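Here's the structure we're looking at; comments come further down.
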Amino acid sequence: MSKKVRVRFAPSPTGGLHLGGIRTVLYNYLFAKQHGGDFIVRIEDTDQTRFVDGAEQYIFNCLNWCGLVPDESVQQGGAYGPYRQSERKQRYRVYAEKLVADGHAYYAFDSSAELDKMRDDLKTKGSHTLQYDHHVRMDMKNSLTLAEDEVRALLSDGTPYVIRIKVNPGNQVMFDDMIRGSISFDTNNVDDKVLLKADGMPTYHLAVVVDDYEMQISHAFRGEEWLPSAPVHILLWQHLFGLAAMPQWAHLPLILKPDGNGKLSKRDGDRLGFPVYAMDWRDPSTKEATKGFKEIGFLPEAFINLLAVLGWNDGTEQEVFSLQELVEKFSIAKVHKGGAKFDFEKAKWFNHEWIKRSEVSSYSTLVKSILEQKGLDIQDDNYLHAVMELVKDRCTLLDDFYTQSHYFFADPLSLDEAAVKPKWDEQKNAFFNQLSNRLSDLSNWSNVEIESVFKELAAELKIKMGELQMIFRVMLVGSKIGPGVFIIAETIGKGSTLQRIKSAVAVF
RNA sequence: GCCGCGUUGGUCAAGGGGUUAAGACGCCUCCCUUUCACGGAGGAAUCACGGGUUCGAAUCCCGUACGUGGUACCA
């Protein structure tokens, strides 16, 4: 009898939401939906010194944009709240005290100066570990070394203290990771991590165990950077709730920087010229603004898609997946063990694919506002859709719609004279003057009709079609880009076509 | 340093004892188009190294190297 699938994403509200974060959300979400389970977002704000105003709301904005909406969270509510750890503060102490009472944890009164001294001493002694662990705890100031009444005295006179887990050496801690298989640690190397801080807040280690238990999390996915502290969590589960209740773990591979080594950071994006955050983020204290994938012109479908296949694939040649397909095909067992370097070129390719494949109406509002911001006047949505349909194959980012389609909405700002001038002569002049006349008489304004008029005249004047078409294009577009010239002429209409020919002829 | 995890072309990757070692991005050539793309056809480029096990190893084992993460009263 397996319990209901419940997974959680547990971000700290400390700044922009990174690619890796969104991918963790995505894998959580896919796994939950695939198993008919719940996806919970829990805000891990136990470090009051790192709190950043607005960061929490920003996280939800990103999730909404991606379409990865939680079933339970501080915003949605739910039966297992509160979903903000700072609001659960009192709960953690109860468990910490229970651990102390059971002999699995102890009070430690060491000041930060004393801790520094301990590490310095270890260093000069040539110890290969600088940890607060079974080697040193009996030399420190804690409830293991102090007499009971001393401890009571310190506690009652308000001496700052933390609660540390007491890790006994000589044991093996093992667990099965859904991605990596069996992993084991020797408790000799595990330190006595702080569980409850002097300010009464839990550390991540205590909070994650308590909350995963109380929120009945069945499967816990998190970044690989957590693997080294996993034994502490396992021990805590053992002492507090029993291993049977523990969620199944999956430690996700890291997303690495494209060049050099190390995990991808915001700085790498700045340096290499691509976003790392899902959406624009502005740090309220430094005022530093960072670009996001959304604002740079990515479709959420593409963003999700590229993240999904960065570290996972379904074993077939398929690369483009919708969220629905991902829910069906995702498999945690097929997630890679090794980290993947992020490749922005490939990321753009996904966006290009989604722009090509999607109904233009599904993102025309975005394109419309981009075009309007650039000063174009968009009157008719049907016209916009038609234009987008014509140019979408050549757009990689949403902004490309401007360079690829502005001439459908306004006369070209400039003409590529360099391309035309060398080929321009009296004969061409005559051709375009006559073309104007004939086109203005054309009653059925369609690209086939325009083309046949054009061809007929070219044949009559014995001029090669190629050069004429190129010139015609520059007249209508301003440069040598875009779809077929006759379609362009049809689309912009008779009036604009004649008018652009006229003003171009005057220039050449 | 110590501990954990990893390693298939430049990048993402399939493949888990016998394959000509898929596919995609990027790069190059050609076709289409007298534009720019899209599309199509090709091309260069890979199993980190060393030992085993085996008739046979990219695949299994052991070392080494390299990478990566942790080593906080941060998550």
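Being a predicted model, the structure only gives us computed values, none of them experimental. Residue numbers begin at 1 in each chain, while the letters A, B, ... track the order of the sequences.
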What's A/A198 touching, base or sugar-phosphate or nothing? Going by heavy atoms closer than 4.0 Å. base
Assess A/K346 against A/W349: is NZ or CZ under 6.0 Å from the centre of the six-membered ring, and within 45 degrees of the ring's axis? yes
Classify A/V309 by what it touches in the nucleic acid, base, sugar-phosphate, or nothing, heavy-atom distance under 4.0 Å. sugar-phosphate
Take the angle between the ring planes of A/Y363 and A/F401 and call it parallel below 30°, perpendicular above 60°, tilted in between. tilted
For the aromatic rings, using the six-membered ring if either is Trp, is the centroid distance between A/F321 and A/F330 under 6.0 Å? no
Base B/A72 to side chain A/K193, donor-acceptor N/O within 3.5 Å cut-off: no
Base-paired stems in RNA chain B, each at least three Watson-Crick or G-U pairs under 3.5 Å: B:1-7 with B:65-71, B:10-12 with B:23-25, B:27-31 with B:39-43, B:48-52 with B:60-64
Atom pairs, N/O to N/O, protein against nucleotides 58-66 of chain B, distance under 3.5 Å?
none

Distance, P atom - from B/A44 to B/G23, rounded to whole angstrom: 13 Å
Checking salt bridge (Lys or Arg N to Asp or Glu O under 4.0 Å) between A/D121 and each of A/R119, A/K125, A/K117, A/K123, which is the one that passes? A/K117
Aromatic A/F9 / basic A/R42 pairing, under 6.0 angstrom, 45° off normal: no
Taking all non-hydrogen atoms of both residues, which atom of A/I165 and which atom of A/D191 are closest, and how far apart? CG2-O, 4.2 Å
When we call it a touch if two heavy atoms are under 4.0 Å apart, what does A/S229 touch: a base, just sugar-phosphate, or nothing? nothing
Over all strands shown, is A/V194 touching base, sugar-phosphate only, or nothing at heavy-atom distances under 4.0 angstrom? sugar-phosphate
Could you tell me how far B/A37 sits from B/A48 if I compare only their P atoms? Round to whole Å. 37 Å
Can you give me the N/O atom pairs linking the protein to nucleotides 14-16 of chain B at distances under 3.5 Å, or say none if there are none?
unit_1 : atom_1 : unit_2 : atom_2 : d
B/A14  : OP1    : A/N313 : ND2    : 3.0
B/A14  : OP1    : A/H336 : NE2    : 2.6
B/A14  : OP2    : A/H336 : NE2    : 3.2
B/G15  : OP1    : A/K334 : NZ     : 3.4

Kindly write out the residues that satisfy side-chain hydrogen bond (donor to acceptor under 3.5 Å, both in side chains) with A/Q57, not counting sequence neighbours, or none if the list is empty. A/N61, A/Q75
Encode nucleotides 32-49 of chain B as B, S and - characters from 5' to 3', where the letter depends on protein heavy atoms closer than 4.0 Å: B to the base, S only to sugar-phosphate, - to neither. --BBBBSS----------
What pairs of nitrogen or oxygen atoms, one from the protein and one from nucleotides 1-5 of chain B, lie under 3.5 Å apart?
unit_1 : atom_1 : unit_2 : atom_2 : d
B/G1   : N2     : A/H128 : O      : 2.3
B/G1   : N3     : A/H128 : O      : 3.2
B/C5   : O2'    : A/R180 : NH1    : 2.5
B/C5   : O2'    : A/E224 : OE2    : 3.3

Regarding A/D177, tell me which of base, sugar-phosphate or nothing describes its non-hydrogen contacts under 4.0 Å with the strands shown. nothing
Taking 4.0 Å as the cut-off, does a side-chain nitrogen or oxygen of A/R50 come that near to OP1 or OP2 on B/A75? no
Cationic tip of A/K141 within the cone over A/F109's six-membered ring, i.e. under 6.0 Å and within 45° of the normal? no
Determine the interatomic distance between P on B/U46 and the same-named atom on B/U33; round to the nearest Å. 36 Å
Reckon A/R119 touches a base, only the sugar-phosphate, or nothing at all at heavy-atom distances under 4.0 Å? sugar-phosphate
Checking A/T187 side chain against A/N168 main chain: does a donor-acceptor pair fall under 3.5 Å? yes
Would you measure the distance from the P atom in B/C31 across to the matching atom in B/C36 and give it in whole Å? 13 Å
Sub-6.0 Å ring centroid separation between A/F293 and A/F303: yes
Taking A/R473 for the side chain and A/I481 for the main chain, is one N or O donor matched with an acceptor at less than 3.5 Å? yes
At 4.0 Å (heavy atoms only), tell me whether A/G311 reaches a base, stays on the sugar-phosphate, or touches nothing. sugar-phosphate
Which atom of A/A489 lies closest to which atom of A/I450, heavy atoms considered: CB-CD1, 4.0 Å
Is the ring pair A/F344/A/F298 parallel, tilted or perpendicular, if the boundaries are 30 and 60 degrees? tilted
Strictly under 6.0 Å, is that where the ring centroids of A/Y204 and A/W226 end up? yes
